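Just so it is clear: chains get the letters A, B, ... in the order the sequence lines come, proteins before strands, and each one is counted from 1. Everything numeric here is computed off the predicted structure, so don't read it as measured data.
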Amino acid sequence: MEKPAISNFIRNLIDADLAQNKNQGRVATRFPPEPNGYLHIGHGKSICLNFGIAKDYQGSCNLRFDDTNPERENLEYVQSIKDDIAWLGYQWSELRFASDYFEQLYEYAIELITQGKAYVDSLSSDEIRSYRGTLTKSGKDSPFRNRSEEENLKLFKAMRAGEFEDGQHVLRAKIDMASPNINMRDPILYRIRHVSHYRTGNQWCIYPMYDYTHCISDAIEGITHSLCTLEFEDNRALYDWVLDQLDVPSHPQQIEFARLNLEHTVMSKRILNRLVDEDHVSGWDDPRLPTISGLRRRGYTPESIRDFCERIGVTKKQGTIAMGVLENSIREDLDQQAPRRMAVLDPLRVVIENYPKGQTETVTASNHPKFPQMGQRPLTFSGVIFIERDDFMESPAKKFFRLAPGREVRLRYAYYITCTDIIKDDRGEIIEIRCTYDPATKGGASADGRKVKGTIHWVSADHAANAEIRLYDRLFRVPNPAAKADFLEHVNPGSRVVLTRCKVEQGLVDAPPESRFQFERQGYFCTDRQDHSRSRPVFNRTVTLRDTWAKIGKTAGA
RNA sequence: UGGGGUGUAGCCAAGUGGUUAGGCACCGGAUUUUGAUUCCGGCAUACGCAGGUUCGAAUCCUGCCACCCCAGCCA
C-alpha cells in the first residue's frame, strides 16, 4: 500500500507558492540550532519537517548553527548535533554558521545606522527595561535615540574596536517605542560581550542578537521558507522589518508551528540540564531522556523517530502527544526488523526429571516467525533449564495459562513439560521446579495433536550466558512534569531497573553494540552502545511488547 | 479597555459550503508454537459557545468564552 502523502498547513502554503511560481519554484529550508545543548525529539520534529520538505520538493535544507551567543556554545555541541542529524538519516545541503556572517552582519548594521534606522544607546540594561514599558503601557524614547549618524557610526565602530566595557552601549533598531508589539520597541541588535567565541575566538567583542541575525542569515542563504516554533510569532514583524530596510539577496517567509510536547517527559532545556547536572540521569544519552542520543541508546531506530514525527503532524495547535504514539512507532519498526531471541530476565531453575542425565540436544528456533529468510538458529536443550519466574504460579490465578503444578505447557521450539513438584527453601521461597517432558513433542508439536494453552521461553542452564539487562520506563510519573515546580519529586523511581542475574542465549554475547532484538514474550532490547561487550553483555529494554495479560491482571485486581 | 496565536471524539490530525479521512488509545472477535504480530468489527450524528447568512455550514458573518505566547544586552 502506498502511504498517503503528508499534508499540513506548511506544505499547503508551499504548494500555493509553487503554483504561483514564487521563488522561481525553489524550496529552501534550514535547521538552525544553537550549539548550546543536545538535540531532543522536539528538535527531531523540526528536523523531519525541514529536511523532509527539502526532500519531497527536491529542494535544499541547510544546517546552520545559530551561534551568536558565545557564552554557552561550544564545539562538543556542534559535533553532537551533526551526529544526531546524520544518525536520523538526513544530509544537509550546506553547513553554515551564523558566526561566518559576523562581518556581513556588521556591514548591514552600518547600513542601518547610515539610514538612520539604528542608533547606539548608552542606557543601562535596567534603564532600557524600564524605558521599554509594559505589556499594557507603551515605552518611551531613550535620550540617546537621536544621536547623529556620525556619532552613531563612531560609537558603533568603537564598540567593535573594544573601547567599551560589557553593557556600556548597545546598538538598537529605531522603530517604535509605542508599538503594541514589544519586539518592535527599538529592539537591541548588538551587545558588547568580551567573551571568546568558540569559532571566532577574540576577533569580536560585539555580538549580534538573534532577531537581527536570523533573518539576515536566512536571506543570505536564499532560504524560501523559514520554519520556526510558535513563540516566535511576535518576532516575525521584526524579521520582516530588518529585511525590508536592507538590500539583502532575498526575503524569506517565516512560518511558525507548534513545538512537540510528549507526556511523561520534558523537553525544556532548563529541566533537562538539571536532570543531567544533578545526576538524576546518567548523562545526555541516558536511555530515559527524550534526547536523540538517549533514544538512540535506548534502542530507538531513526526510522521509528521519522515515522513518529510524520504521524504527529504539524499544526499551530499546541498539544501533548501520548508516549504510546512513540512506542507504537518503535514497536511497529522493530517487529519487522528485530530478530527473535530468548532471554530469561528473572530465572527460575527447572529440572526435567525424566530427561537423560548429562544429555544435550539441539533444537531449531526461527529468527522471525514471519520472515523465514531471516534464518534459524540452533539452541541447546538439556535437562536443567531456566524459565521466567513469572511463568510459574503455585496457585494459578484465573486465566493464567502458563506453568503450574500438574499443568502442561510448551517450551518454545523444544518440548511439552508438565510440572510435578516444587522445591522451596527454608523461607518458603520457590527455588526450583521439577517437571517431566514428553519426548514425543520435540520442536514443540505433539504427535497426538493435543494442545497446551501456554508457550513459554527458556534457556538451558549450562548453555546460557549471564547478562545485565536494564529495564527502562517513563522518566516521570505525571503526564506534564514541566508544569510542576517540584518536578524532581515526580521522577519515576522505577524508571530504571537493573537486572544483573539474567540468562540469555549464548549467541547474544557476540552481538555488536546497538544490535536490536526481540526477546520473545518480553519486548525489544538492544545491546548498550557504551557498556556492552562480550565479557560483559548489557542490554537495554527499548519497549515492552503489548501485554494483554498484564491488562487482565490489572482488571482482575491481581 | 496591549499585541500575537489556537480551539474537530480520551490523545494527535485531515478537512478551505454539498458521498461524516486517517493514526494512537480503548472495547469485542478470528488466526497464532510469542497472552506478540496479523486480520475483521466497534468507538453510539467530533467540529469551543451563542446567534446569523444559505436549499445546505466544521468551513462564510457577528458576538462571546477558554487556553497558549510576548516586557533577556537568550535563542
Side-chain angles (χ1 to χ4, degrees), chain A residues 4 7-9 12 32-34 36 66-69 71-72 121 123-125 128-130 132-139 166-172 178-185 187-193 207 209-211 213-214 228-237 256 258 263 269 310-329 331-332 335-336 340 342 365-366 368-370 399-402 410-414 416 441 443-446 451-457 518-523 544-552:
Chain A
S7 169
N8 61 50
F9 79 100
N12 292 348
E34 181 185 14
N36 70 343
D66 228 332
D67 53 354
T68 56
N69 184 349
E71 329 223 11
R72 42 188 208 173
D121 197 359
L123 253 24
S124 71
S125 66
I128 286 178
R129 189 188 321 120
S130 75
R132 187 155 32 220
T134 68
L135 295 177
T136 51
K137 263 189 292 196
S138 87
D166 287 7
Q168 216 174 323
H169 306 284
V170 290
L171 183 73
R172 300 180 73 174
S179 172
N181 180 348
I182 293 182
N183 293 286
M184 300 298 271
R185 316 236 265 230
I188 291 168
L189 268 21
Y190 271 89
R191 75 284 214 185
I192 301 171
R193 201 108 313 171
Y207 291 94
M209 300 285 288
Y210 163 84
D211 284 303
T213 308
H214 203 94
C228 63
T229 43
L230 249 28
E231 67 271 26
F232 292 102
E233 284 173 317
D234 291 341
N235 299 56
R236 189 175 63 238
E256 310 85 11
E263 279 189 350
K269 202 166 269 180
E310 202 168 293
R311 281 172 196 254
I312 59 176
V314 179
T315 65
K316 291 175 84 86
K317 177 183 155 193
Q318 298 167 282
T320 303
I321 312 288
M323 195 57 92
V325 181
L326 218 206
E327 292 176 343
N328 177 67
S329 288
R331 283 195 186 107
E332 224 169 70
D335 177 51
Q336 299 293 307
R340 313 286 114 131
M342 292 203 282
S366 71
H368 193 113
K370 279 193 292 211
K399 289 189 183 166
F400 179 86
F401 33 82
R402 282 117 81 153
R410 173 167 41 232
L411 294 175
R412 183 122 161 110
Y413 298 121
Y416 285 12
T441 55
S446 70
K451 306 249 180 172
V452 287
K453 290 194 90 170
T455 298
I456 65 176
H457 60 279
Q518 183 196 95
F519 288 172
E520 294 213 32
R521 304 206 308 129
Q522 295 283 184
T544 62
L545 255 30
R546 281 202 182 78
D547 190 352
T548 310
W549 168 243
K551 263 181 219 163
I552 294 168

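- Side-chain atoms of A:Arg331 and base atoms of B:U37 include no donor and acceptor less than 3.5 Å apart.
- To the nearest whole angstrom, the two P atoms, one in B:G3 and one in B:G48, are 24 Å apart.
- Comparing B:C67 with B:C27, their C1' atoms sit 32 Å apart, to the nearest whole Å.
- Taking the C1' atom of each, B:G4 and B:U8 are spaced 23 Å apart, rounded to whole Å.
- Comparing A:Arg236 and A:Gly444 by the nucleotide of RNA chain B that holds the closest heavy atom to each, the one mapping nearer the 5' end is A:Arg236.
- One interatomic measurement links the two molecules: CD of A:Glu231 to C1' of B:G3, which rounds to 17 Å at whole-angstrom precision.
- Heavy atoms of A:Ala445 sit under 4.0 angstrom from at least one base atom.
- Checking B:C73, B:A13, B:G23 against the side-chain heavy atoms of A:Ile128 singles out B:C73 as nearest.
- If you measure from atom CG of A:Asp67 to atom C1' of B:C74, you get 14 Å, rounded to the nearest angstrom.
- Shown here, B:U32 forms no base pair; nothing in the strands shown gives a Watson-Crick or G-U wobble contact with both key distances under 3.5 Å.
- A:Thr548 comes within 4.0 angstrom of sugar-phosphate atoms only, judged by non-hydrogen atoms across all strands, and of no base.
- The distance between atom CG of A:Leu189 and atom P of B:A75, rounded to the nearest whole Å, is 12 Å.
- Taking the charged nitrogens against the carboxylate oxygens, A:Glu34 and A:Lys269 have no contact shorter than 4.0 Å, which rules out a salt bridge.
- If you check distances only, the side chain of A:Arg193 does reach the base of B:C73 with a donor-acceptor pair under 3.5 Å.
- Comparing B:U34, B:G2, B:G35 by their closest approach to the side chain of A:Phe400 singles out B:G35.
- A:Arg132 comes within 4.0 angstrom of the backbone, heavy atoms only, and of no base.
- Regarding A:Met323, its CE atom lies at a distance of 22 Å from the P atom of B:G10, rounded to whole Å.
- For the 3.5 Å distance criterion, the side chains of A:Asn235 and A:Asp211 qualify, holding a donor opposite an acceptor.
- Which of B:G15, B:U34, B:C74 sits closest to the side chain of A:Met209 comes down to B:C74.
- Distances shown here put a side-chain N or O of A:Arg191 below 4.0 Å from the OP1 or OP2 atom of B:C74.
- The listed nucleotides are B:C74, B:A71, B:G35; the one nearest the side chain of A:Leu135 is B:A71.
- Per the geometry, NZ belonging to A:Lys451 stands 10 Å off C1' belonging to B:U32, to the nearest Å.
- With both ends at atom P, the span from B:A30 to B:G10 equals 29 Å, rounded to whole Å.
- In this structure, A:Asp234 places its CG atom 12 Å from P of B:C69, rounding to the nearest Å.
- Residue A:Asp547 places no side-chain atom within donor-acceptor reach of the base of B:G35, judged by atom type and a 3.5 Å distance cut-off alone.
- Residue A:Ser7 places at least one side-chain N or O closer than 4.0 Å to OP1 or OP2 of B:G15.
- When heavy atoms are screened at a 4.0 angstrom cut-off, A:Lys370 is found touching base atoms of the nucleic acid.
- Of the nucleotides present, none pairs with B:C47 by Watson-Crick or G-U wobble criteria with both distances under 3.5 Å.
- In this structure a side-chain-to-backbone donor-acceptor pair under 3.5 Å is missing from A:Arg129 to A:Ser124.
- The 5' end of RNA chain B is approached more closely, in terms of each residue's nearest nucleotide, by A:Asn8 than by the other of A:Asn8 and A:Ala414.
- A:Tyr190 comes within 4.0 angstrom of no nucleic acid atom, judged by non-hydrogen atoms across all strands.
- Atom CD of A:Glu233 and atom C1' of B:C69 are 7 Å apart (whole Å).
- Contact annotation for A:Arg129: backbone-only contact, meaning every heavy-atom pair under 4.0 Å involves sugar-phosphate atoms and none involves a base.
- Separating the CD atom of A:Gln522 from the C1' atom of B:G35 is a distance of 12 Å, rounded to the nearest angstrom.
- The aromatic ring of A:Trp549 is stacked on the base of B:G35, with the two ring centres less than 5.5 Å apart and the planes inclined by under 30°.
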